[in-house]
Participant: 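Below is one structure. I have some questions about it.
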Number of protein chains: 2
Amino acid sequence: MPKDRAPTRIQKKNRAAILEAALNVFSAHGFRGATVDQIAAEAGLSKPNLLYYFPSKEAIHTALLSGLLDTWLAPLHDLDADGDPMHEILSYIHRKLQMSRELPRESRLFANELVQGAPRIHEALSHDLKTLVNEKTKILTRWMDEGKIARLHPHHLIFSIWALTQHYADFDVQVRAILGDEDPFEGAEPFIDTLYRKLLTP
Amino acid sequence: MPKDRAPTRIQKKNRAAILEAALNVFSAHGFRGATVDQIAAEAGLSKPNLLYYFPSKEAIHTALLSGLLDTWLAPLHDLDADGDPMHEILSYIHRKLQMSRELPRESRLFANELVQGAPRIHEALSHDLKTLVNEKTKILTRWMDEGKIARLHPHHLIFSIWALTQHYADFDVQVRAILGDEDPFEGAEPFIDTLYRKLLTP
DNA sequence: CGTGAGTTTGACCAGATGGTCAAATCAAGA
DNA sequence: TCTTGATTTGACCATCTGGTCAAACTCACG
């Protein structure tokens, strides 16, 4: 294991390559389905060399998840209490859908973990995420009280946004099997936009 | 392997026990994450005994998936072209949400498979499912043409229903981590109902 | 009962997999 | 260039896992 001094050029490069490879493999096969050999091969390293940078398969997975959690929650984090309600929510939705399009591996990484009961991130869920969501539902509730948007169950409003946007990344195969050549996001964007405009208009 | 005569009492019991156990294990850990030993233990059989009834782990998985596919698609199948549009769609949604509540393991079984690229059911997706969906989107389109429901992209309308309802089964841990003691379906039912009433009203 | 088909199991195997280690190689600063 | 720490690797190990097999046991039926 490299010492914890300032990381060398090589350390930076290899750690990044490993995490990139791990994202590919874990998101495609889940934690159990991924093998260290596979990740090493994809990172262009031998297995022992990979294990020189991370102590175990689990450590890679953990590093990956915790490193991506911020990115993943950034859009919700940026929901601005002082902005225009409808605009803020539609922007949030837009960014989430954008992320499904541009970062589908990240979405599937979390989906894999969640669908199997989140054995490795239960912590983050019931603390960090819960705190963030509760903070934002307060804002939503205020907007509803002020009559700026329709009154709805704020938690379920957020769940619906997650469900609708991440569906396109997580269940990509199914969506494409049905749509054929048509670009899923081409139709999804206006559909979801229309849906929330209608839903949120008081 | 048992002969293919009429199944004996014991064969019926054990096959059923195996499929039930397999549903538990596969839905909780995915195909790769499940072990034959685990399934056998949960079914109350020894591993060789289990493999006397099914030739391989893969065979159990396949039998399970194909056996459940009909159940899973029944609600959409029952969408009646001659019924009242709004009522038909809301009924479909209601049944899908009910299934998320009552058959979450089945939902997660499919979710596990889909999120990893559906390596074992690509066939069924791009044929059976596609055919069924296209048949039903025709009905939806007709209803839109007749002005009975709002004009929307029919495929994305169906995707949205899948996403919103299955989210509660597939990402159950996350939903519960955030809601705490509150029953997710208590709030989900009226939320989703309201959402589609607003969305579909022309 | 007795018998043959149906059922169950302990012992076993081969390959996969996560991880270790000592030795070899490389890189950068004195 | 020399030295020392960083990096890389081949060989290896223990465990897990899907699957096999012959032998033992059990059940239903004549």
Side-chain angles (χ1 to χ4, degrees), chain A residues 1-65 112-113 116 119-120, chain B residues 1-65 112-113 116 119-120:
Chain A
M1 209 177 340
K3 300 296 164 58
D4 52 1
R5 302 178 192 171
T8 68
R9 176 181 54 86
I10 295 175
Q11 274 172 40
K12 273 187 180 175
K13 195 193 65 176
N14 284 344
R15 278 177 177 278
I18 291 168
L19 289 175
E20 169 69 16
L23 176 56
N24 278 333
V25 179
F26 282 134
S27 69
H29 305 286
F31 180 78
R32 187 63 155 60
T35 74
V36 176
D37 277 298
Q38 222 178 330
I39 298 171
E42 194 139 337
L45 300 174
S46 65
K47 183 168 60 167
N49 198 7
L50 179 150
L51 289 167
Y52 169 72
Y53 291 99
F54 289 89
S56 67
K57 180 182 173 181
E58 180 110 28
I60 303 173
H61 194 249
T62 303
L64 195 57
L65 282 170
N112 257 304
E113 188 65 11
Q116 292 181 15
R120 278 166 285 273
Chain B
M1 207 177 342
K3 300 296 164 59
D4 52 2
R5 302 178 192 172
T8 68
R9 176 179 55 87
I10 295 175
Q11 274 172 39
K12 273 187 181 174
K13 195 193 65 176
N14 284 344
R15 278 178 178 278
I18 291 169
L19 290 175
E20 169 69 16
L23 176 56
N24 278 332
V25 179
F26 282 134
S27 69
H29 305 287
F31 181 78
R32 188 63 155 60
T35 75
V36 176
D37 277 299
Q38 223 179 331
I39 299 171
E42 194 138 337
L45 300 173
S46 65
K47 183 168 61 168
N49 198 7
L50 180 150
L51 289 167
Y52 168 70
Y53 290 99
F54 289 89
S56 69
K57 180 183 174 182
E58 180 109 27
I60 304 173
H61 195 249
T62 301
L64 195 58
L65 282 171
N112 257 303
E113 187 65 12
Q116 291 180 17
R120 276 166 287 274

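Letters A, B, ... are given to chains in the order of the sequence lines, protein chains preceding strands, and every chain is numbered from 1. All heavy atoms count here, side chains included; hydrogens, waters and symmetry mates do not.
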Participant: To the nearest Å, give me how far apart OH (Tyr53(A)) and P (dG19(C)) are.
Facilitator: 18 Å
Participant: For Leu50(B) and dT17(D), give me the distance from atom CG to atom C1', rounded to whole Å.
Facilitator: 14 Å
Participant: Can you tell me if the side-chain N/O atoms of Gln11(A) get under 4.0 Å from OP1 or OP2 in dT7(D)?
Facilitator: yes
Participant: Expressed in angstrom and rounded to an integer, what is the separation of Ile60(B) atom CD1 from dT17(D) atom P?
Facilitator: 15 Å
Participant: Does the side chain of Asn14(B) get closer than 4.0 angstrom to OP1 or OP2 of dG6(C) through an N or O atom?
Facilitator: no
Participant: Does Ser27(A) reach the side chain of Gln116(B), with side-chain heavy atoms less than 4.5 Å apart?
Facilitator: no
Participant: Taking the six-membered ring of Phe31(A) (Phe, Tyr or Trp), confirm whether the NZ or CZ of Arg32(B) is under 6.0 Å from its centre and within 45° of its axis.
Facilitator: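 Because its charged atom misses either the 6.0 Å distance or the 45° angle limit, Arg32(B) does not stack over Phe31(A).
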Participant: So Thr35(A) and Ile39(A), side chain to side chain contact (heavy atoms under 4.5 Å, CB included) or not? Walk me through it.
Facilitator: CA-CA 6 Å; Thr35(A) 74; Ile39(A) 298 171; over 6 Å; no
Participant: Go through Leu65(B) and Phe26(B) one step at a time and tell me if the side chain to side chain contact (heavy atoms under 4.5 Å, CB included) criterion holds.
Facilitator: CA-CA 10 Å; Leu65(B) 282 171; Phe26(B) 282 134; over 6 Å; no
Participant: Name the residue closer to the 5' end of DNA chain D, choosing between Arg9(B) and Thr35(B) according to the nucleotide with the nearest heavy atom.
Facilitator: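 The 5'-side residue here is Thr35(B).
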Participant: Looking at dG19(C), dC16(D), dT20(D), which one has an atom nearest to any side-chain atom of Arg32(A)?
Facilitator: dC16(D)
Participant: Grab the CD1-P distance between Ile39(A) and dT17(C) for me, whole Å please.
Facilitator: 12 Å
Participant: Over how many whole Å does the gap from His29(B) atom NE2 to dT17(D) atom C1' extend?
Facilitator: 15 Å
Participant: Heavy atoms only: give me the nearest Ile60(B)-Leu50(B) pair and the separation to one decimal.
Facilitator: CD1-CD2, 3.5 Å
Participant: Phosphate oxygens OP1/OP2 of dT7(D): is one of them under 4.0 Å from a side-chain N or O of Tyr52(A)?
Facilitator: yes
Participant: Could you identify which residues of residues 40-49 of chain B place a heavy atom less than 4.0 Å from some atom of DNA chain C, listed by residue number, or say none?
Facilitator: Ser46(B), Pro48(B), Asn49(B)
Participant: Starting at CG of Leu51(B) and ending at C1' of dA11(C), how long is that distance when rounded to a whole Å?
Facilitator: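 From Leu51(B) CG to dA11(C) C1': 15 Å.
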Participant: Please report, rounded to the nearest Å, how far the P atom of dG18(C) is from the NE2 atom of His61(A).
Facilitator: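 From His61(A) NE2 to dG18(C) P: 13 Å.
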Participant: Examine distances only and state if a side-chain atom of Glu42(B) and a backbone atom of Val25(B) form a donor-acceptor pair shorter than 3.5 Å.
Facilitator: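 A pair under 3.5 Å: no.
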Participant: Whole Å only: how far is the NZ atom of Lys57(B) from the P atom of dA16(C)?
Facilitator: 14 Å
Participant: Within the pair Thr8(A) and dA27(C), is there a side-chain N or O less than 4.0 Å away from OP1 or OP2?
Facilitator: no
Participant: Can you pull out every salt bridge (charged side-chain N to carboxylate O under 4.0 Å, His left out) where at least one residue sits in residues 46-59 of chain A? Sequence neighbours excluded, please.
Facilitator: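 Found Asp37(A)-Lys47(A).
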